[in-house]
Amino acid sequence: MHVQAARRYIMEVQASTERIPQIRRILAAHLRHWRLDPHIGPVCRAVGELIANVVRHVPGDKTCVVELRWTGRHLIASVADGDRRMPRLTSSCPARGGLAAVAVLSDSWGTCPTAGGKVIWFSRRVKRAERVRLTAPAPLRPAPNALEGPAVPVPVAPDAGRDAIRHGGSAEEPPRRLDTAIG
């Protein structure tokens, strides 16, 4: 049995509405690197909600620490800030965002006071790390006659477009990766 070693990523940021998309892209890159692609959307959205809460509710210094931890079974994300006031769940409607959205996007969540403020965390169970296909499957070639059968995959050489361009021919632009970050 192969056991994945625990992984951890920490960053200190100035929370602002403008920084949330950038923070989400950074977290998405780490999750992709850890082969946790199915968790990118929910984790980035929930962390975005926690950072938005810092922007909305923390007076003064908006410095916070965002942490991702993956134990091999659980993915835990947290946002720590310097405000000692503990958050309250003020709405049970996840569409309004905030902690209600975090609760829906996670398996568990909570808060913990610290010497310098508080930490709000959430976790998601991870069955196994898996990579989501980032490139499109082989293009389909249409059948000459619809009655002859379904379309079939056409094998494409990985560098066919680039080779044609190098040798002076014309070719369509090579396929681009579809792994744009969330934001």
Side-chain angles (χ1 to χ4, degrees), residues 3-134 176-183:
V3 177
Q4 178 68 41
R7 296 185 182 200
R8 185 175 181 196
Y9 175 73
I10 300 174
M11 70 174 158
E12 183 176 278
V13 297
Q14 279 295 327
S16 71
T17 306
E18 297 80 21
R19 296 284 313 267
I20 292 173
Q22 177 188 25
I23 294 164
R24 290 173 56 151
R25 285 190 299 272
I26 292 168
L27 297 179
H30 281 278
L31 294 170
R32 203 173 289 113
H33 177 71
W34 294 347
R35 303 179 65 98
L36 297 171
D37 299 48
H39 300 275
I40 291 172
V43 169
C44 290
R45 167 126 189 263
V47 170
E49 291 293 337
L50 295 178
I51 294 170
N53 282 350
V54 172
V55 172
R56 255 184 246 118
H57 302 293
V58 174
D61 183 18
K62 308 267 188 214
T63 302
C64 61
V65 176
V66 178
E67 180 178 0
L68 281 181
R69 283 184 289 147
W70 180 38
T71 67
R73 291 181 187 240
H74 293 94
L75 178 59
I76 303 154
S78 64
V79 174
D81 62 54
D83 187 9
R84 293 180 188 268
R85 294 177 299 154
M86 299 305 283
R88 293 180 322 199
L89 184 60
T90 57
S91 169
S92 60
C93 179
R96 293 184 61 194
L99 292 176
V102 172
V104 169
L105 295 166
S106 64
D107 294 319
S108 62
W109 69 277
T111 62
C112 180
T114 64
K118 67 180 169 299
V119 174
I120 305 170
W121 60 268
F122 66 89
S123 70
R124 290 178 54 89
R125 281 186 288 278
V126 177
K127 292 179 185 168
R128 64 182 174 85
E130 56 187 65
R131 182 72 70 185
V132 172
R133 176 180 228 148
L134 297 178
R176 294 184 182 185
R177 291 178 57 129
L178 301 176
D179 58 345
T180 57
I182 296 175

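Values below: every heavy atom of this structure, side chains too, minus hydrogens, waters and symmetry copies.
In this structure, Trp70 and Leu31 have side chains that are not in contact, with every pair of non-hydrogen atoms separated by 4.5 Å or more. Looking at heavy atoms from C-beta onward, Met11 lies in side-chain contact with Leu27 at the 4.5 angstrom threshold.
Of the possible donor and acceptor atoms, one in the side chain of Lys118 sits under 3.5 Å from a partner among the backbone N and O of Asp83. Between the side chain of Arg124 and the backbone N or O of Leu105 there is at least one donor-acceptor pair closer than 3.5 Å.
The environment of Arg19 atom CZ is dense: over 12 non-hydrogen atoms of other residues, nucleotides or ligands sit within 6.0 angstrom.
Distance check: Arg69 CZ to Ile10 CD1 gives 8.5 Å after rounding to the nearest 0.5 Å. Taking NE2 from His30 and CG from Leu36, the interatomic distance works out to 12.5 Å, rounded to the nearest 0.5 Å. The CD1 atom of Ile26 lies 10.5 Å from the SG atom of Cys44; values are rounded to the nearest 0.5 Å. One distance of note links CG of Leu50 with CD1 of Ile23; it measures 11.0 Å at 0.5 Å rounding. For the atom pair Leu75 CG and Trp34 CH2, the distance stands at 7.0 Å (nearest 0.5 Å).
A search for side chain to side chain donor-acceptor pair (under 3.5 Å) contacts involving Lys62 returns nothing, not counting sequence neighbours. By the side chain to side chain donor-acceptor pair (under 3.5 Å) test, Arg8 pairs with Glu67, sequence neighbours left out. With sequence neighbours excluded, no residue forms a side chain to side chain donor-acceptor pair (under 3.5 Å) with Arg84. Glu18 pairs by the side-chain contact (heavy atoms from CB on, under 4.5 Å) definition with Ser16, not counting sequence neighbours.
When every heavy atom of Val119 is checked against every heavy atom of Ser78, the shortest pair comes out as CG1-CB, 3.7 Å. Of all heavy-atom pairs spanning Asp61 and Val58, the tightest one is O-CG1, 3.6 Å. In plain terms, the two heavy atoms of His57 and Arg85 that are nearest each other are O-NH2, 2.5 Å. For the pair Ala15 and Ile51, the tightest heavy-atom approach, listed with the atom from each and the gap, is CB-CG2, 3.9 Å. Contact detail for Val47 and Ala77: the closest heavy-atom pair is CG2-CB, 3.9 Å.
Pairs engaging residues 103-115 under the side chain to side chain donor-acceptor pair (under 3.5 Å) rule: Ser108-Ser123 [sequence neighbours left out]. Annotation: side chain to side chain donor-acceptor pair (under 3.5 Å) contacts involving residues 43-53, sequence neighbours excluded, comprise Asn53-Arg56.
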